[in-house]
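So the structure is just underneath, and the comments pick up after that.
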Amino acid sequence: MVTERFFGLERLSLRHKLITVALITGLIAVGCTAIGLITYELLWFRGQLASRAATTSDILGSNTAVSLAFENRTDVNQSLSALASDASVMRAYVFNARKQLIAAYARRGVPPAGKLPATPEEAAGHPHGIAVLRPIRLDRELVGYIGIESDLSPFYARALSYSAITSALVLFSLAVAFLASRRMQGTISGPLLRLEAAARHVSVHRDYSLRLDSGTRDEIGAVIAAFNEMLGEIQVRDRRLSEWGEELETTVRDRTHALVEANRNLAGAKEKAEQAARAKSEFLAIMSHEIRTPMNGVIGMTGLLLDTKLSGDQREYAETLRRSGEGLLSIVNDILDFSKIDAGRLDLETVPFALAAVIDETIDLVGESARRKALRLSTSVTERLPRTVLGDPGRLRQVLLNLLANAVKFTETGEVRLEAHTERTEGDTITVRMQVSDSGIGIPLEVQANLFEAFTQADSSTTRRFGGTGLGLAICKRLIGAMGGSIGVNSQPGRGSTFWFSIPYKLPVENRGVPVSPSVPAALPAESSIRTLATAIGDELPERDTDHRPAMSILIVEDNGINQKLMHFLLKRLGYPAYMVSNGREAVEAAQATPYDLILMDCQMPEMDGYEATASIRASEKDGRRARIIALTADVLTGVRDRCLACGMDDYLAKPIRAGDLARKLEECAASLTVDRSVDAREPVAASDVAEHARAAQEELS
């Protein structure tokens with residue numbers, strides 16, 4: 001393609017292309033041969049001139065050696081005058097052993113060379129022809145130098161004559177090649193042109209009966225034979241297509257008539273099925289409501305009964321009655337929800353609510369069930385989760401409660417974990433992903449595909465062993481779908497399961513574009529749940545020797561009420577007294593009022609975050625005293641640790657905080673204190689509002 005564009009062949013016919021290619025090929029071949037011969041001849045001739053000049057220099061050098069040894073300029077000039085008989089010599093120079101010019105010769109009619117050369121090297125350095133410089137020796141002793149410059153006129157004349165002869169030969173060769181290619185190209189272009197004409201005829205007239213006679217046995221003949229075979233195949237298929245087209249028209253006509261009748265029958269059946277589905281949904285809704293109303297009374301009265309003085313058997317009977325009623329109410333609620341969804345009457349709220357509060361409330365609801373089975377129940381909520389979103393908190397709580405309750409139900413030992421984080425943010429919409437992981441029995445792969453269908457469980461043994469209707473996951477899927485999200489599961493038998501879902505939420509106007517940490521929930525879990533969680537974590541802590549370590553004054557900076565209580569309880573179990581503030585501004589005031597040994601600093605807080613608070617504390621420290629500050633953050637992205645250290649923090653703990661890691665950090669801080677320092681048993685006194693907040697938190701936990 002590049003060659004055709006370079007030579008302009010793309011617009012030529014095949015005949016002219018063949019002729020042009022032959023001429024170009026011949027021109028290249030003859031031209032390269034002629035250039036090679038001319039170059040060789042001229043180089044050979046130039047070498048002959050140089051060799052002749054060297055021979056002449058050696059002869060004259062021998063003749064002038066004696067005269068040059070005695071610096072007899074007359075004899076040297078007389079010897080150089082003998083060069084007049086050699087028409088190829090333009091100039092000659094003779095120098096003594098000290099490189100001084102002794103004699104010079106220039107042929108008549110030759111233009112002067114300007115100033116005479118001062119040294120032998122200068123004589124050989126700027127010649128107008130072929131310059132040769134040879135030493136002159138007498139009995140092997142150097143007595144001088146002789147330089148001869150030969151004329152290049154014969155060389156140029158020879159080159160001109162060779163070029164003329166070559167040009168004539170090239171033109172003659174091109175003429176012969178043109179005539180030969182003109183006569184011979186028909187053997188190639190003729191069959192191809194006939195093939196092109198036949199292809200055009202078939203394309204225009206759709207005449208597949210046409211056949212060509214190749215007349216050759218080369219590649220062109222093979223192409224023509226393949227073309228004839230292709231036309232035969234097309235002709236057969238065209239005939240078959242015509243026959244099939246007629247059969248298809250008949251078949252379509254018959255089936256269209258049958259489909260019209262079938263559609264008429266299906267329309268009637270569809271209307272009857274829709275009426276039956278509506279009647280079923282309405283019946284389920286009405287019956288579920290009628291059953292649910294008295295069940296609320298049964299459960300409520302049972303609760304009142306349990307508040308009275310009962311014997312052991314009576315209390316056991318009442319507890320059994322309440323659990324049975326709650327189980328029945330849960331089934332009725334599932335049926336009611338499913339009937340509403342199936343009937344298309346599910347209404348979703350759109351109100352601002354705190355995600356963290358919904359998560360904490362749900363965890364608190366299943367906490368007692370997990371505690372009875374000695375399961376570890378934990379949460380991990382990223383700090384970049386929005387504080388409030390617009391949506392339906394009740395439906396989100398229903399989905400979370402269903403997944404967490406299933407995880408606790410199907411897990412005998414180990415833990416159940418709830419994680420929540422921001423999946424992506426697009427404008428004023430944020431997609432939240434939550435997942436519930438357990439170490440339970442797991443789900444076979446062949447069952448997972450139908451797991452979210454109504455009345456589906458892993459197998460019959462699951463129903464016998466654990467109970468349930470199989471409606472919970474179906475309701476979750478439909479609720480998530482109604483909220484514009486998606487739900488799925490990852491599981492292996494014997495290795496637990498992870499149920500996940502993603503829901504897009506609109507951000508309130510005040511929260512758009514502002515990634516903030518979870519706020520303190522509006523409804524905190526019960527104190528018993530907090531203590532249960534802290535106790536479960538604290539049970540892992542080894543016993544500490546509190547008698548032989550320096551005392552430390554510790555400040556906890558944490559805005560979340562649950563985290564405040566948990567940190568205070570853990571430090572109390574480790575034997576360290578601690579004081580607490582709720583934001584960075586209060587932390588700065590407390591650190592300025594009392595020099596603390598250790599500050600546990602949350603990074604994301606209202607009013608002033610942990611980074612700003614640390615920088616302010618570092619700027620206010622005096623007299624060489626420096627508090628050790630450890631960052632507490634759930635942000636584990638790359639660069640967070642570097643940012644903590646850059647603002648003046650000494651160490652870093654990632655949330656969720658492991659009790660063992662916290663204990664090690666405290667021991668390191670205690671060991672770094674000066675052993676012989678006299679530590680006063682004093683209570684820090686911060687700003688009035690900070691101290692009051694600390695006392696209130698301690699009294700609440702005492």
Side-chain angles (χ1 to χ4, degrees), residues 541-542 544-546 548-559 563-564 566-605 608-636 640-687 690-691 694 697:
L541 299 176
R544 306 291 176 180
D545 182 9
T546 60
H548 300 89
R549 65 183 177 199
M552 285 193 300
S553 55
I554 302 175
L555 176 66
I556 301 173
V557 186
E558 173 64 62
D559 67 322
N563 289 337
Q564 287 179 354
L566 182 61
M567 290 297 297
H568 186 91
F569 189 86
L570 288 175
L571 289 173
K572 184 177 180 181
R573 288 290 304 271
L574 289 168
Y576 292 98
Y579 300 89
M580 204 172 307
V581 294
S582 298
N583 57 58
R585 193 175 307 281
E586 294 179 359
V588 174
E589 295 174 359
Q592 290 175 349
T594 300
Y596 288 94
D597 296 315
L598 174 64
I599 301 176
L600 299 175
M601 180 75 72
D602 186 25
C603 290
Q604 299 293 338
M605 294 181 292
M608 178 184 290
D609 62 22
Y611 304 112
E612 298 178 21
T614 299
S616 299
I617 292 173
R618 293 302 186 210
S620 63
E621 289 177 332
K622 299 177 182 179
D623 301 330
R625 184 173 180 88
R626 187 177 188 274
R628 187 176 179 87
I629 302 178
I630 298 179
L632 306 178
T633 177
D635 193 350
V636 294
V640 173
R641 182 183 183 88
D642 295 338
R643 183 182 178 188
C644 293
L645 299 178
C647 72
M649 297 182 184
D650 299 286
D651 214 332
Y652 169 95
L653 274 176
K655 293 180 179 179
I657 297 171
R658 299 181 183 274
D661 294 339
L662 177 61
R664 282 192 294 273
K665 297 297 182 184
L666 293 174
E667 288 182 353
E668 292 174 3
C669 183
S672 66
L673 296 177
T674 307
V675 177
D676 59 347
R677 189 183 72 182
S678 176
V679 182
D680 297 329
R682 61 184 184 277
E683 270 192 25
V685 180
V690 178

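The model shown is predicted, which means the values in this text are computed figures rather than measured ones. Numbering starts at 1 and runs along the sequence shown.
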Distance, nearest 0.5 Å, that separates [atom1] of [X] from [atom2] of [Y]:
| X | Y | atom1 | atom2 | result |
| --- | --- | --- | --- | --- |
| Arg664 | Leu653 | CZ | CG | 9.5 Å |
| Leu666 | Ile630 | CG | CD1 | 6.5 Å |
| Ile556 | Leu571 | CD1 | CG | 4.5 Å |
| Met601 | Asp609 | CE | CG | 9.5 Å |
| Leu662 | Tyr576 | CG | OH | 9.0 Å |
| Lys665 | Leu632 | NZ | CG | 11.0 Å |

Side chains of [X] and [Y], heavy atoms from C-beta outward: is any pair under 4.5 Å?
| X | Y | answer |
| --- | --- | --- |
| Cys603 | Arg643 | no |
| Glu586 | Asn583 | yes |
| Thr594 | Tyr596 | yes |

Could you pull out the closest heavy-atom pair between [X] and [Y], with the gap in Å?
| X | Y | result |
| --- | --- | --- |
| Leu555 | Ala587 | CD2-O, 4.2 Å |
| Pro577 | Ile554 | O-CB, 3.7 Å |
| Ala631 | Met649 | CB-SD, 3.2 Å |
| Val581 | Ala590 | CG1-CB, 4.3 Å |
| Met552 | Asp597 | CA-OD2, 3.4 Å |
| Ala663 | Leu574 | CB-CD2, 4.1 Å |

Pairing residues for Asp650 by the side-chain contact (heavy atoms from CB on, under 4.5 Å) criterion, not counting sequence neighbours: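 Testing Asp650 for side-chain contact (heavy atoms from CB on, under 4.5 Å), a comparison that skips the adjacent residues, returns Arg618, Arg626, Arg628, Ile629.
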
side-chain contact (heavy atoms from CB on, under 4.5 Å) involving Ala627 - partner list, sequence neighbours excluded: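 Result, side-chain contact (heavy atoms from CB on, under 4.5 Å) vs Ala627: Ile599, Glu621.
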
Checking Glu612 side chain against Met608 main chain: does a donor-acceptor pair fall under 3.5 Å?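 Side chain of Glu612 to backbone of Met608: no pair is present.
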
Keeping the roles fixed (side chain from Ser620, backbone from Ile617), state whether a donor-acceptor pair exists under 3.5 Å.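 Yes.
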
